[in-house]
Amino acid sequence: MHNDNNIPEELLKPYNPKETEARIYQSWLESGFFNPDVCIEKGVTAPDAEPFSMVLPPPNVTGTLHTGHALMLVIEDIMTRFARMQGKRTLWLPGTDHAAIATQSKVEKIIEKEEGKRKGDLGREEFLKRVEKFAQESHDTIVGQAKRMGASLDWSREAFTLDAKRNLAVRTAFARMYNDGLIYRGHRIVNWDPKGQTVISDDELVYEERKAKLYTFKYSKDFPISISTTRPETKVGDTAVAVNPSDERYAAFVGKEYDAVFCGVPIHIKIVADESVEKEFGTGALGVTPAHSQIDAEIALRHKLPTVQVINEYAKMMIGGENLIGKKTTEAREIIAEWLRTEGLMEKEEDVSQNISTAERTGGIIEPLPKLQWFMNVNKKFKLGHSEMAGFAAGDEVTLKELMLGVVRSGQTRIVPENFERVYFHWIENLRDWCISRQIWYGHRIPVWYDKTGGIHLPKERTIIFVRHGQSAANVADTYAGQSNSPLTETGIAQAHTLAASLKGRTISKIFSSDLSRAQDTARIIRETLGVSEYSEHQELREISAGNLENSPRHTEPLLFAAFREKTGETASELIARAKKAWEIITNDTSDGDIIVVGHQSFTSIMHAVVDGAETEAALVNHRMNWTMGNATTREYTYCVNPTDPDLSQDEDTLDTWFSSGLWTFSTLGWPNKTPDLATYHPTTVLETGYDILPFWVARMILMSTYLTGQIPFKIAYLHGLVRDEKGRKMSKSLGNIIDPLTLVDEFGTDALRMAMIVGVGPGSDSNLGKDKIKAYAKFANKLWNIQRFVLESTAQFNPESNPTLEADDQTTLDEIDALMQEVTKEMEEYKFYLVAEKLYHYTWHTFADVVIERSKQKIASGAGADSARQMLVTALPILLRALHPFMPYITEELWSKLPGRDRAMLMVSKWPCRT
RNA sequence: GCGCGAUUAGCUCAGUUGGUAGAGCAAUCCGUUUACACCGGAAAGGUCGCAGGUUCGAGUCCUGCAUCGCGCACCA
């Protein structure tokens with residue numbers, strides 16, 4: 001085979017990333033190879049290949065991507081492309097996060113700025129419309145940016161933490177946890193943000209150091225003990241004074257009770273002894289305010305003290321005479337201090353600095369308040385329902401905390417770098433019950449309904465079992481013969497019986513059937529075996545199956561849908577619309593228990609596709625393939641029926657955003673339904689995210705997954721660090737040093753940015769991003785470009801199949817590359833991408849280009865050993881392109897497409913090089 | 001208070017299980033204009049924070065200290 005004499009014209013110019021990148025990404029999209037199903041269909045991945053799966057940490061829909069996101073996309077794309085090239089069944093699943101409070105407050109600010117309106121002026125419905133519009137726009141921006149980074153995400157599976165399917169997952173999770181007693185409603189001291197008018201979690205607090213006055217005083221003249229506080233206004237709510245049990249100064253008073261009138265408010269104070277009080281602090285005595293301090297509330301609980309709330313949701317006094325009531329806390333503080341002075345009760349006033357809690361999003365000063373909220377109990381024992389985790393068996397009595405600790409301690413989930421495991425343990429061990437309710441509008445509404453007596457109603461979880469009726473070789477033969485209405489063969493009957501037996505023990509309320517006689521036969525057998533009385537056939541269900549009754553080659557895949565549509569003349573969307581109607585009929589059944597639907601293959605798979613939200617023909621075919629490949633005869637669907645009684649009212653609050661993101665590894669794969677994706681890809685292989693959200697997100701995913709699925713969510717949690725500016729400073733608005741990754745892409749190309757972000761940046765460590773570094777790798781891209789140009793020019797007349805004997809030095813080069821590939825493969829598998837990128841860069845430039853190519857120039861010029869050199873060059877170059885592809889996908893794909901004389905399969909699905 | 005990390009060339013950082021100290025950028029000198037000036041070659045530059053210890057041998061392991069950064073908790 002002779003190569004073309006002409007070097008592609010574009011190669012004669014310097015590498016132009018701008019022109020190349022959009023075109024290459026489009027060709028990747030068109031290939032469909034981001035979708036593992038397509039890879040299997042097109043034969044680039046074996047159907048039984050080892051899966052590699054990873055979810056994208058969903059970016060918040062609050063705006064645009066920053067450099068941290070860019071780093072995340074780079075690392076994850078490297079992992080994904082490497083796995084795909086290794087032939088694994090590779091899924092990298094994209095999505096975005098609704099980010100409840102962050103998004104809501106952002107939109108509130110915009111509306112206030114542009115229209116001068118508050119969210120209350122618009123009303124819940126209108127306001128949510130605005131937030132959704134904003135979220136949609138942010139989403140589109142984010143997706144566009146991710147694509148420019150070269151991310152090989154499977155867009156066909158994209159998810160959103162607030163879409164309908166994730167809402168099903170949230171409702172199901174909530175209901176299960178409630179039924180296990182892990183979610184409860186109770187009065188607790190919470191972090192109340194008076195500015196945002198919502199509860200926030202400990203993680204959303206920001207501490208600010210401020211100056212404050214520490215007042216030391218007595219409640220009244222005849223009160224025996226002095227106390228200190230920075231917040232005298234709360235003291236009208238005191239119900240006790242606590243001292244350390246070993247404190248001899250106060251031992252005589254413990255147990256005594258006193259009445260006093262404090263700034264006009266009658267108070268009743270009991271002296272109690274509690275270990276938590278430090279003798280050395282202040283006077284060694286603590287005024288206990290159970291309603292407005294976490295610690296005091298705990299003391300009050302231990303000593304059964306009453307709780308008196310004195311401050312309301314607007315941070316104003318709600319108790320006292322006219323001098324106090326309705327006053328802001330800061331005003332009340334001064335009034336009471338003044339009262340103490342005039343009464344001669346004040347003993348000391350000193351300046352101290354103290355950390356006060358403020359709300360991360362609104363900046364409001366947090367007021368600890370007792371509120372009726374929803375909580376998740378992390379310390380309560382429950383019976384584990386299902387477990388595929390080592391060290392935990394179904395039926396074990398465990399707590400959520402034990403699950404979270406256990407799977408990491410045992411190494412089933414590993415954290416990389418390892419030292420972060422200690423941070424993780426530290427956080428879990430100190431974890432308190434998690435307040436999951438928020439008084440904001442944007443988010444998953446708490447799936448709880450109240451009746452007039454205050455009774456609580458939750459969604460009911462139901463299962464629909466789709467049964468593909470008894471299929472056998474004989475049935476297929478019948479179909480061929482055009483006798484699809486023939487009754488069940490003996491094999492089919494036997495299968496129906498087996499199926500029915502496997503369903504025994506479940507509560508089945510009703511069986512639906514499409515009207516194929518065989519389906520009816522199967523339904524009848526199941527009904528008789530299970531003793532279910534109800535059996536329905538609906539017109540709509542029959543219509544769905546009608547088009548496929550006769551003579552269609554329905555056993556041949558994936559032609560089925562084409563055949564179906566020829567028959568009925570329907571578009572995919574019409575088909576889907578009818579299927580949706582059928583689904584509605586099935587799910588509107590309100591009787592208790594699960595439901596069985598029996599149908600032939602087409603019917604069940606169309607229903608399957610509809611339930612999974614397929615909206616296009618491509619998606620239908622995709623589902624069809626899943627169904628076939630999974631070779632399932634039954635498929636279970638879970639859904640939740642919300643209470644429909646009009647007298648019930650739903651809880652006004654929404655869930656903490658981490659509740660839905662905790663479900664992310666499996667809600668994206670179809671949970672609570674038993675989908676093929678869930679079976680194939682969960683637990684996911686790796687979770688890659690920033691170390692800053694290790695406790696909030698990583699820990700909660702482990703909690704949710706171990707409890708709800710009985711599986712770990714991921715085998716490896718790979719943590720990356722912060723991206724700082726070139727001087728090592730944190731990027732921030734106030735410093736004005738925020739770099740938009742896309743301007744860097746415009747200037748230097750995506751590949752250069754990717755290399756700059758990855759080289760030398762190990763897990764868990766922060767990195768500095770400067771233009772010099774990116775520039776260096778832009779040069780490298782050009783170098784690579786010219787290497788190929790040289791190789792093509794000097795081998796234009798060369799026939800590699802002449803297979804010349806290699807001279808010793810050329811053979812050595814190939815051996816070196818071989819050794820390098822083995823080395824980097826091992827390092828890739830150990831997640832040491834930062835080393836691999838550097839090694840490949842260094843070898844390509846400073847050995848291959850500077851030494852090997854220079855040497856081959858002489859050989860080719862002199863003619864002695866020229867063919868040996870050419871043979872070496874045409875062998876070595878494709879290997880380097882493949883090895884560099886995960887790091888620099890665009891330029892390598894482009895160069896690959898210009899290599900002559902090889903099959904034109906895309907580089908992104910070529911095999912990772914191990915040997916020359 | 002508890003915990004984590006860092007300290008290596010002028011700057012930014014690598015350095016796998018201990019075996020003669022590495023890269024990029026910057027700075028110096030020389031070369032090259034048909035693969036590439038987004039180039040090549042050469043040389044220069046380090047008591048690896050400090051003090052001990054283990055070892056035949058320590059940037060690497062152990063102990064202590066110092067400085068810087070970060071996280072968590074407390075803050076009556």
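So that the names make sense, note that chain A is the first sequence line, chain B the second, and so on, each numbered from 1. All heavy atoms count here, side chains included; hydrogens, waters and symmetry mates do not.
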Exercise. How many Å lie between OH on Y424(A) and P on rC2(B), as a whole number?
Worked result: 25 Å
For this session: Please measure how far the P atom in rU8(B) lies from the corresponding atom in rA51(B), and state the result in whole Å.
Result: 15 Å
Seminar exercise, completed: When F420(A) and E854(A) are each assigned the nearest nucleotide of RNA chain B, the 5'-most assignment goes to F420(A)
For this session: May I have the distance from D766(A) (atom CG) to rC13(B) (atom C1'), rounded to whole angstrom?
Result: 13 Å
Problem set entry | Separation of the P atoms in rA73(B) and rC2(B), to the nearest angstrom | 16 Å
For this session: Indicate whether OP1 or OP2 belonging to rC13(B) is found under 4.0 Å from a side-chain N or O atom of N768(A).
Result: yes
Exercise. Hey, is the side chain of K779(A) poking within less than 4.0 Å of OP1 or OP2 on rC39(B), counting only N and O atoms?
Worked result: yes
Problem set entry | rC38(B) base / K783(A) side chain donor-acceptor hit below 3.5 Å | no
Problem set entry | Nucleotide forming a Watson-Crick or wobble pair with rC70(B), both distances under 3.5 Å | rG3(B)
Problem set entry | Distance, nearest 0.5 Å, that separates CD1 of I189(A) from CD of Q309(A) | 8.5 Å
Problem set entry | Nearest-angstrom distance, C1' atom, rC72(B) to rU55(B) | 38 Å
Problem set entry | R422(A) side-chain N/O to rC4(B) phosphate OP1/OP2 under 4.0 Å | yes
Problem set entry | Watson-Crick or G-U wobble partner of rG49(B), both distances under 3.5 Å | rC65(B)
For this session: Identify, between K773(A) and R231(A), the residue whose nearest nucleotide on RNA chain B lies closer to the 5' end.
Result: K773(A)
Exercise. In terms of ring plane angle, is the pair Y258(A) and F223(A) parallel, tilted or perpendicular, where the classes change at 30° and 60°?
Worked result: perpendicular
Exercise. Should the ring pair F262(A) and Y219(A) be called parallel, tilted or perpendicular, given that the plane angle runs from 0 to 90° and is split at 30 and 60?
Worked result: perpendicular
Exercise. For rA35(B), which nucleotide in any strand shown is its Watson-Crick or wobble partner with both distances under 3.5 Å?
Worked result: none
Problem set entry | Side chain D193(A), main chain A359(A), donor-acceptor under 3.5 Å | no
Problem set entry | Under 4.0 angstrom between H842(A) side-chain N/O and rG15(B) OP1 or OP2 | no
Problem set entry | Sidechain-backbone polar pair: E233(A) side chain, A332(A) backbone, donor-acceptor under 3.5 Å | no
